[in-house]
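In what follows, every heavy atom counts, from backbone to side chain, and hydrogens, waters and symmetry copies are set aside. To find a chain, count down the sequence lines: A is the first, B the second, and so on, and within it residues start at 1.
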Protein chains: 2
Amino acid sequence: MFGNPWIHKRMMQEGLRMTQTRMIILDVLSKRPEHHFSAEEIFIIAHRINPTIGFATVYRTLDLLTRLGVIQKFDFGDGKARYELMMGNKISHHHHLVCTGCGKIIDYTDFTDEEKELMERTEKALSEKYKFKIKNHIIQFYGLCNDCNVERR
Amino acid sequence: MFGNPWIHKRMMQEGLRMTQTRMIILDVLSKRPEHHFSAEEIFIIAHRINPTIGFATVYRTLDLLTRLGVIQKFDFGDGKARYELMMGNKISHHHHLVCTGCGKIIDYTDFTDEEKELMERTEKALSEKYKFKIKNHIIQFYGLCNDCNVERR
DNA sequence: TCCTTATTGATAATAATTCTCATTATCATT
DNA sequence: AATGATAATGAGAATTATTATCAATAAGGA
């Protein structure tokens, strides 16, 4: 079972409770940290583990975890939201290449040092200029994957 | 009325037709290039110009223009998609600071030369490595604006 | 163990987006 | 300018993801 002391502590501090359901959902997410889960996928797996879990609770939990910064919510343009665990917070950080032809998502993690450093400086500059406390960011590249680019419709 | 020869040509090439409705929608978008239009907003304004325009057509047109790369579709996490015209393609390019407290969106256009150059190099490197034809990208920073950061709930 | 209250499950409700299909408008060709 | 093939449209129904409601339950401090 998923037992992350950091997250547990975060919740206690906020007067929240670490319930069975929340642990199961965190567990599901942590088993495939690289996967882009839809709410439905999470529901199906969690429901298999504990059939009393309801759909609404999955949504509520995902919303809560997103607000806490434990997971991140994405939109790839197919009408349903996707969720990923934010491991440690820097380790798993990556961006996406979204194919607008077939919907395939490629994760992109090969940051150059230059790139990382620039993002940090940019965040700092933006924070100061706009008095904006930045929690995280997303970068998504849209285009056509090799398969879709070949068969030009 | 909106008469952009580039877009018109693009459509002809694809066997598409430049209809009244499409021109009106492009016109609406071009009047406020900096605005983040929801489909409903576009429908209301377009409908005022020509009351025969239907909601479904607005969606269809927005989808088409997005696929053509004429406009760009965004998701700020409030459940409805937003659309912006891609002027010329470089001129209006900007990113967003999204306040997760109140939903406010701040546009961020102050790119450093370094930043622009790095993005170009990154896109080129990604294209080659993943055989992915990049059309555009989005960068969004999430966090709290000054107002929401002060009144810590 | 008890008590307060955060959380949950079930289901109804909502809201954005898409589908269907008969009708209409565009534009290349006469 | 008239014609014809067909892309595009409007109206409304249908679909689908997500949220709200509310009585019942369970977490965790005392």
Check: Side-chain N or O of A:R22 less than 4.0 angstrom from OP1 or OP2 on C:dT8?
Finding: yes

Check: What is the distance from CD of A:E14 to P of D:dG29, rounded to the nearest Å?
Finding: 15 Å

Notebook entry, point to check: Is the backbone N or O of A:T61 less than 3.5 Å from a side-chain atom of A:R22, with the two atoms forming a donor-acceptor pair by type?
Noted result: no

Notebook entry, point to check: How would you list, by chain and number, every residue that makes a salt bridge (Lys or Arg N to Asp or Glu O under 4.0 Å) with B:D63, sequence neighbours excluded?
Noted result: B:R67

Notebook entry, point to check: Between B:T100 and B:G143, is there a donor-acceptor pair closer than 3.5 Å when you use the side chain of the first and the backbone of the second?
Noted result: yes

Next item on the list: Say whether, by atom type as modelled, one donor and one acceptor occur between the side chain of B:T66 and the main chain of B:Q72 under 3.5 angstrom.
Entry: no

Checklist line | Euclidean distance, atom CG of residue A:L64 to atom P of D:dT18 [Å, nearest integer] | finding: 17 Å

Check: Where along nucleotides 12-17 of chain C does protein come under 4.0 Å, by heavy atom, of base (B) or sugar-phosphate alone (S), with - for untouched nucleotides?
Finding: ----SB

Next item on the list: Going 5' to 3' through nucleotides 19-30 of chain C, assign each nucleotide B (protein heavy atom under 4.0 Å from a base atom), S (under 4.0 Å only from sugar-phosphate atoms) or - (no protein heavy atom that close).
Entry: BB----BBSS--

Checklist line | Residue among B:Y83, B:F76, B:F74 satisfying ring pair (Phe, Tyr, Trp, His ring centres under 6.0 Å) with B:H36 | finding: B:F76

Checklist line | Backbone of A:K133 reached by a side-chain donor or acceptor of A:S127 within 3.5 Å | finding: no

Margin query: Students often mix this up, so state it plainly: with edges at 30° and 60°, are the rings of A:Y59 and A:F55 parallel, tilted or perpendicular?
Written below: parallel

Checklist line | Residues A:K124, A:E120: salt bridge by 4.0 Å N-O rule | finding: no

Next item on the list: Round to a whole Å and report the spacing from CZ of A:R67 to P of D:dT19.
Entry: 11 Å

Note to self: Whole angstroms only, please: what is the CZ-P distance between A:F43 and D:dT16?
What the structure shows: 16 Å

Check: What about B:Y108 and A:I138, same hydrophobic cluster or not, with Ile/Leu/Val/Met/Phe/Trp/Tyr joined at side-chain heavy-atom distances under 4.5 Å?
Finding: no

Margin query: Rounded to whole Å, please give me the gap between CD1 in A:I44 and P in D:dA17.
Written below: 11 Å

Note to self: Just to be sure I understand the rule, does B:S38 reach a base, reach only the sugar-phosphate, or reach nothing, if contact means heavy atoms closer than 4.0 Å?
What the structure shows: nothing

Margin query: If I take atom CE in residue B:M23 and atom C1' in nucleotide D:dA8, what distance separates them, rounded to the nearest angstrom?
Written below: 13 Å

Check: Rounded to whole angstroms, how far apart are CD1 on B:I25 and C1' on D:dG10?
Finding: 13 Å

Item checked: Atom pair distance, as rounded to whole Å: CG in A:L68 and C1' in C:dA6 -> 14 Å

